[in-house]
Amino acid sequence: MVVLANPPVVDQIPLLRSPGPRDTFSGVPVVDLSSPGAARAIVDACERFGFFKVVNHGVPAATMGRAESEAVRFFAQAQSDKDRAGPAYPFGYGSKRIGLNGDMGWLEYLLLAVDSASLSDACPVPSTAAFRSALNEYVAAVRKVAVRVLEAMAEGLGIADADALSSMVAGAGSDQVFRVNHYPPCPELQGLGCSATGFGEHTDPQLISVLRSNGTSGLQIALRDGAQWVSVPSDRDAFFVNVGDSLQVLTNGRFKSVKHRVVTNSIKSRVSFIYFAGPPLEQRIVPLPELLAEGEESLYKEFTWGEYKKAAYKTRLGDNRLAQFEA
Ligand code: GA4
């Protein structure tokens, strides 16, 4: 067997086959959030893919654009200036290292805490007024989108309490995290047929994640339980929603958390914002009683979000985090 070493610049970062036009997924479900059919469409998309795109969400393009330009300005700084905003854990700037257990990706990022509807005061990054206010405006807007999506989802699932899901992530003490990712291009790999892994395959632990990126593609989702990876066409005007592990449990497996990853581009940089909607640490994550048929039992052992989060931080990115909680 011939083992080829990675080119030095991407040392330690796993390589992926570069996506081609045939990998493009034309079947991403599109939910028009302003339409009366949204509730049904969300449930359908969550059952089929655990993933969908949201249009007519009402967030002004200027809100997204301003946050993006400020992020680009932040990442364009000298490395020493960015490092001053680190380390990434618990919150701040990080580069290449993801999590605490050795995962690496071709990216730099900001991991930020959200309190109520804005960045947490306890989180000093970003420190410049312009970047902070742009992100606060964005976070307030994306959070509303998450709430509307979860309200429509509850309606589509036929749950009597319209706020059953949304209140978990928007009520007092909810655990909301915001992430700004920058995937620089990796020109060294151009023409080699392979690309650097930007963010390795994983599922998100929370209820849902709401993503917005610039016009550079790179996001891939797994179909048929990981048998096929497809590329999601980028759309800077839309949001993309992932079902996370906690929502999988709340629906007793009716919705599946979607495996996804990011492949870097050899020419263009990708900037993405992801809002992770999590419940308070003490929230019990168990199937909603209304979603259990008579006699149906939970597929999972009971746990709180705090317990799940703690366990998640001991795992590697690609691990099946829910496996240890299966009944
Ligand atoms: C995946 C979703 C979010 O980006 C995140 C990630 C977190 C991190 O980057 O610190 C984790 C990852 C994510 C799941 C498993 C653990 C924790 C990296 C990692 C290896 C912020 C989150 O909440 O979980």
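All ligand and atom numbering here is 1-based and tracks the order in the structure.
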Participant: Report, in ascending order of atom number, the atoms of ligand 1 lying under 4.0 Å from any heavy atom of Thr315.
Facilitator: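 Counting from 1, the qualifying ligand atoms are 15 (C), 20 (C).
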Participant: Considering Pro205, Ala88, Gly200, which one's heavy-atom position lies nearest to atom 24 (O) of ligand 1?
Facilitator: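 Comparing heavy atoms across Pro205, Ala88, Gly200, the nearest one to atom 24 (O) of ligand 1 lies in Pro205.
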Participant: Among all protein non-hydrogen atoms, which one is nearest to atom 2 (C) of ligand 1, and what is the separation to 0.1 Å?
Facilitator: Asp204 OD1, 3.4 Å
Participant: With a sphere of 6.0 Å drawn around NZ of Lys53, does it hold more than 12 non-hydrogen atoms of other residues, nucleotides or ligands?
Facilitator: yes
Participant: Give yes or no for whether the N/O distance cutoff of 3.5 Å, strictly under, is met between Thr203 and ligand 1.
Facilitator: no
Participant: Could you check atom 16 (C) of ligand 1 against the protein and tell me its nearest heavy-atom contact, residue, atom and distance included?
Facilitator: Ala312 O, 3.5 Å
Participant: Taking Val243 as the starting point, is it possible to reach Phe276 by hopping between hydrophobic residues whose side chains are less than 4.5 Å apart?
Facilitator: no
Participant: Return a yes/no value for Arg321: is any of its N or O atoms, backbone included, closer than 3.5 angstrom to an N or O of ligand 1?
Facilitator: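 It does not: no N or O of Arg321 is found under 3.5 Å from an N or O of ligand 1.
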Participant: Students should be able to answer this: which protein heavy-atom is nearest to atom 18 (C) of ligand 1, and at what distance?
Facilitator: Gly99 CA, 3.7 Å
Participant: Check Glu47 with Arg254, please: is the shortest side-chain N to carboxylate O separation under 4.0 Å?
Facilitator: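 Here Arg254 pairs with Glu47 in a salt bridge, since their nearest N and O are under 4.0 Å apart.
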Participant: How long is the gap from CG on Leu322 to NZ on Lys256, to the nearest 0.5 Å?
Facilitator: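 Reported to 0.5 Å precision, the distance equals 10.5 Å.
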Participant: Any nitrogen or oxygen of Tyr89 lying under 3.5 Å from a nitrogen or oxygen in ligand 1? Just yes or no.
Facilitator: yes
Participant: Using ring centroids (six-membered ring only for Trp), state whether Phe325 and Tyr300 fall under 6.0 Å.
Facilitator: no
Participant: For ligand 1, which atoms have a heavy atom of His202 less than 4.0 angstrom away?
Facilitator: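 Going through ligand 1 atom by atom, the ones under 4.0 Å from His202 are 1 (C).
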Participant: Atom 7 (C) of ligand 1: which protein heavy atom is closest, and how many Å away?
Facilitator: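 Answer for atom 7 (C) of ligand 1: Tyr313 OH, 3.5 Å.
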Participant: Is there a continuous path of hydrophobic side-chain contacts, each under 4.5 Å between heavy atoms, that joins Leu291 to Met153?
Facilitator: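 Leu291 clusters together with Met153.
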Participant: Of the side chain and backbone of Arg179, name the one, both, or neither that has a heavy atom under 4.0 Å from an atom of ligand 1.
Facilitator: side chain
Participant: With under 30° as parallel and over 60° as perpendicular, where do the rings of His260 and His202 fit, or are they tilted in between?
Facilitator: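 It falls in the tilted class, 30° to 60°.
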Participant: For Tyr89 and Tyr109, take the angle between the two ring planes, folded into 0 to 90°, and tell me which bin it lands in: parallel under 30, tilted 30 to 60, perpendicular over 60.
Facilitator: perpendicular
Participant: Please write down residue, atom name and distance for the protein heavy atom closest to atom 12 (C) of ligand 1.
Facilitator: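 Residue, atom and distance for the closest contact: Leu317 CD1, 3.9 Å.
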Participant: Identify, by atom number and element, the atoms of ligand 1 in contact range of Gln206, meaning under 4.0 Å from any of its heavy atoms.
Facilitator: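 Here the atoms of ligand 1 in question are 22 (C), 23 (O).
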Participant: Report the nearest protein non-hydrogen atom to atom 3 (C) of ligand 1: residue, atom name, distance rounded to 0.1 Å.
Facilitator: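 Looking only at protein heavy atoms, the one closest to atom 3 (C) of ligand 1 is Phe276 CZ, 3.3 Å.
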Participant: Following the transitive rule for hydrophobic clusters with a side-chain heavy-atom cut-off under 4.5 Å over Ile, Leu, Val, Met, Phe, Trp and Tyr, establish whether Val262 and Leu15 coincide in one cluster.
Facilitator: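 No, Val262 and Leu15 fall in different hydrophobic clusters.
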